[in-house]
Amino acid sequence: MAGKFALLIGASSFGPDGPAALAAPESDVMELAATLKDPKIAGFAAGDVKFALNAGLEETQGLIHWLYAGRHPDDFLWLYYTGHGFKDPRDGELYLSLAGTKKAALWTNSLAAPQIKRQLQFSASRRKLVVLDCCHSGAIGPPGGMVKRGAETAVEHDTFSPEGYGVVTLTSSTAAQTSIALQSASVYTRHLVEALRSGKAAPEHENLTADQLHAYLSKSVRAESGSLEWPMDPMMYSAVETPLVIARNPRPRPVLDKELVEGLWSEDLDRAELAVFRLGEIARGSDPHLPAEALEALRKRRLETRTLSYDVGKRIDAILDPPGAADKALVQSTQEQIETLKRQHEQVVRDLEERHSALQDDLATAQSKTAAEAESAARARDERDRLSRQLAELQSKLSQEIEAVSYNLASRNRSLMDKVRGLEERLRIAQRSGGKAGQGHSTRRLVLIVSISAGMTVTGLFLMVGDWRWVIDNPEAPPKAGDVVEPAREGFPTLVYIPAGTFIMGSPEDEEGRHNDEGPQRQVSVDAFFMAQTETTFAQWEACVADGGCNDYQRDDEGWGGGQRPVINVSWNDAQSYVDWLNSKVEDSNPFRLPSEAEWEYAARAGTTTRFAFGNHLTEDQANFGGNVGRTIEVGTYDPNAWGLYDMHGNVWEWVQDCRIASYEGAPTDGSAWESGNCNHLVLRGGSWRGNQDGVRAAVRRGLLPGYRLSILGFRVVCSSPSTCSDL
């Protein structure tokens, strides 16, 4: 008779000469054991789940032999390990720490991955699952070969019967990554147990396969570890004939009828209104899942107004905002305002009473003043009159001096204007000879900026371009990398010219700290554009809000201060609202936007190919990262890269336009944003004040939901093309 057998190994204590103690393994093992023995989930018999908690090598090897030796081909075998894992630099093999493992020689008294793979290969069972939750666990690699099928199936149908045939290994991280634990539970095992108990990994199915479990863990673990800036990329190695079913879904849920959702978008208004009616009924139901899905389907349909009829939209509004909800909210708001006014009134009364008492005391004091004090006041009035007469004399003399200075200023101004007219004539001659094609810019006006100081000196020559002032050395030269366009409008960014070019995007496979989503490397061509010299600041965001833009979102500065610090706690959606505000202030058609991921990396590298724009190593004197400051700092504190851009490494993660795709396979090569496919997550680049050195590299990338607001999130904008930006 075939059965189900599990061995759960947890190593948390290693002695004074061993690795650091761990808090999570024991609780992880017990939680997983209770889950496997649950008859609604996996139904393992209590005696068929064995433990090796802080056991030595000999005891652990004996239990592994029990798990794999003498088994029936249809037995289901589950091996789980949680503790310290390390990769031996000599042979690249994975070793699992046990009681007795020495820190000075970690492979001593440790369980070697080849031993596990050998047992997998020679065990007669054809249903085997290995789960490793430890650092560098991905180094175990593919499992051993499949065993030939032996006797006929002998599985008895009970609470759960395994199906399919294969050998699957699931790991919490890659060979190069560490695994993390929070509050006495590892991130990976916590999501593993949650997947088994909740059925979230396969909510629409009665059973759960190893593939479905891995897909769920990859998404959930990556999302949590990414937000913690400690990336974990779960791996799966498998050799299967058919999908390996490993557990039962304890709470399979019904699925929202796809045809019903499609009906919302039908051009047949009868079908659409019927779909709204039925989804409204579901939304008011008691099922723990379907109401939320129905409401979400209705919300998505309501947002697309271009194809939505008035009647259908009205019916959706009645479901999303039922009658009386607004009145109830108004009553509650009014009551809160009344209570606030009562408290304010009481405070005002107390303040008036205290003020009245103070005035009574002052009056008594004033009445007791002596005649000598009154005489002193009279003398003070005489002194004031004398000083007033002296002030009038000084003002008369100053007026005469100002008149003389004004005459001299007018004379010098006429001389300076003659020089300006000469420069304008030179520009007109250059334009007639060279035309616009050579520079890609329309006619500009030259203005000589005069500083009214003691010496009355000319401080510089500037090119006035719409709402920006472009500092130039030669009015006839085309823009070059690093040329700056300074804003004249409050809230607008200072722009830096980024020239067109071609670069290799992503990181090479041997780059230190590299993640799989940074490849494969490819050549990308980028058109010229302008990029904000710094991350968008609090001052710029507040100017947008004060002008009625940015959805009036009053951002949270975490108590660090605003001003020239990068604005934080802004989502991708918030960043788009700032972009919309900028575009509403210019005549051209939407020149501002978030940069594409390719544009961002091209500008960050500034012609370099190293890990950072400053070389292969970054110091705390070059960027805000690694918690060296513990918060954001004012933009532009550190030196810029070769193209004049500040804080491209660290300070805050910067939202870009692209959807977060797992690799660059099929990505655009023309510098445009990748906006097709799964767009649930949007890309962030550059790392933050909290990330380590590997996490602020030029190639590093992350993805988050577009509504996330965190203290490590910010953004900067670009202006689409040099011709548009320079002629705004």
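Since the structure is predicted, the reported quantities are computational estimates derived from the model, not experimental observations.
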Should [X] and [Y] count as side-chain neighbours, where that means a heavy-atom distance under 4.5 Å?
| X | Y | value |
| --- | --- | --- |
| Met531 | Trp643 | no |
| Val524 | Phe503 | yes |
| Lys200 | His191 | no |
| Val579 | Asn583 | yes |
| Val717 | Arg593 | no |
| His681 | Cys659 | no |
| Pro493 | Phe530 | no |
| Leu208 | Val245 | no |

Using every non-hydrogen atom in the two residues, find where [X] and [Y] come nearest and quote the distance to one decimal.
| X | Y | result |
| --- | --- | --- |
| Pro487 | Thr494 | CD-OG1, 3.1 Å |
| Cys550 | Val545 | CB-CG2, 3.9 Å |
| Phe529 | Cys719 | CB-O, 3.6 Å |
| Gly644 | Gln533 | O-CG, 3.3 Å |
| Ala698 | Trp600 | O-CZ3, 3.8 Å |
| Gly280 | Ile319 | CA-CD1, 3.5 Å |

* Structure fact -> Taken in chain and number order and not counting sequence neighbours, the residues that satisfy salt bridge (Lys or Arg N to Asp or Glu O under 4.0 Å) with Glu535 are none
* In chain order, what residues pass the salt bridge (Lys or Arg N to Asp or Glu O under 4.0 Å) check against Asp557, with sequence neighbours excluded? ->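 Partners of Asp557 under the salt bridge (Lys or Arg N to Asp or Glu O under 4.0 Å) test: none.
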* Geometric cation-pi criterion, Arg565 with Phe538: 6.0 Å, 45° ->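 Verdict for Phe538: no cation-pi partner in Arg565.
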Counting only N and O atoms by type, is there a donor-acceptor contact under 3.5 Å from the side chain of [X] to the main-chain atoms of [Y]?
| X | Y | result |
| --- | --- | --- |
| Ser663 | Glu665 | yes |
| Asn651 | Trp689 | no |
| Glu599 | Ser596 | yes |
| Thr209 | Gln212 | yes |
| Glu304 | Arg301 | no |
| Trp655 | Val570 | yes |
| Asp38 | Thr35 | no |
| Asn551 | Tyr553 | no |
| Thr502 | Ser525 | no |
| Tyr664 | Gly506 | no |

* Partner residues of Glu558 under the side chain to side chain donor-acceptor pair (under 3.5 Å) criterion, sequence neighbours left out -> Asn569
To the nearest 0.5 Å, tell me how far [X] [atom1] sits from [Y] [atom2].
| X | Y | atom1 | atom2 | answer |
| --- | --- | --- | --- | --- |
| Asp233 | Leu217 | CG | CG | 12.5 Å |
| Trp265 | Lys300 | CH2 | NZ | 9.0 Å |
| Ser172 | Leu192 | OG | CG | 10.5 Å |
| Ser238 | Asp211 | OG | CG | 6.0 Å |
| Glu597 | Ile661 | CD | CD1 | 9.5 Å |
| Thr669 | Met505 | OG1 | CE | 11.0 Å |

* Passes side chain to side chain donor-acceptor pair (under 3.5 Å), Glu675 versus Gln657? Steps please. -> CA-CA 8 Å; Glu675 299 182 90; Gln657 188 66 29; 3.2 Å; yes
* Which one of Trp581, Tyr578, Phe492 satisfies the side chain to side chain contact (heavy atoms under 4.5 Å, CB included) criterion with Gln540? -> Tyr578
* Carefully, step by step, assess Trp653 and Leu710 under the rule side chain to side chain contact (heavy atoms under 4.5 Å, CB included). => CA-CA 10 Å; Trp653 284 100; Leu710 301 172; over 6 Å; no
* Stepwise side chain to side chain contact (heavy atoms under 4.5 Å, CB included) test for Leu682 and Val656 -> CA-CA 7 Å; Leu682 283 306; Val656 297; over 6 Å; no
* To do: Evaluate the criterion salt bridge (Lys or Arg N to Asp or Glu O under 4.0 Å) for residue pair Arg660 and Asp517; output intermediate values, then yes/no.
  => CA-CA 9 Å; Arg660 170 65 166 80; Asp517 62 354; 2.7 Å; yes
So does [X] pair up with [Y], basic N to acidic O under 4.0 Å?
| X | Y | answer |
| --- | --- | --- |
| Glu542 | Arg555 | yes |
| Arg716 | Asp647 | no |
| Glu194 | Arg190 | no |
| Asp547 | Lys585 | yes |

* Asked: Do Asp670 and Ser672 get their side chains close enough for a donor-acceptor pair, meaning under 3.5 Å?
  -> yes
* Asked: Does the pair Ser507 and Glu518 meet the rule for a side chain to side chain donor-acceptor pair (under 3.5 Å), with working shown?
  -> CA-CA 6 Å; Ser507 62; Glu518 297 169 18; 2.7 Å; yes
* Asked: Which is it for Asp574 and Ser571 under the side chain to side chain donor-acceptor pair (under 3.5 Å) test, yes or no, and what are the steps along the way?
  -> CA-CA 5 Å; Asp574 296 330; Ser571 67; 3.1 Å; yes
* To do: Tell me, with the steps shown, if Arg701 and Glu601 meet side chain to side chain contact (heavy atoms under 4.5 Å, CB included).
  => CA-CA 10 Å; Arg701 54 201 300 259; Glu601 185 171 330; over 6 Å; no
* Could you please spell out the steps behind the side chain to side chain contact (heavy atoms under 4.5 Å, CB included) verdict for Thr537 and Val567? => CA-CA 5 Å; Thr537 65; Val567 65; over 6 Å; no
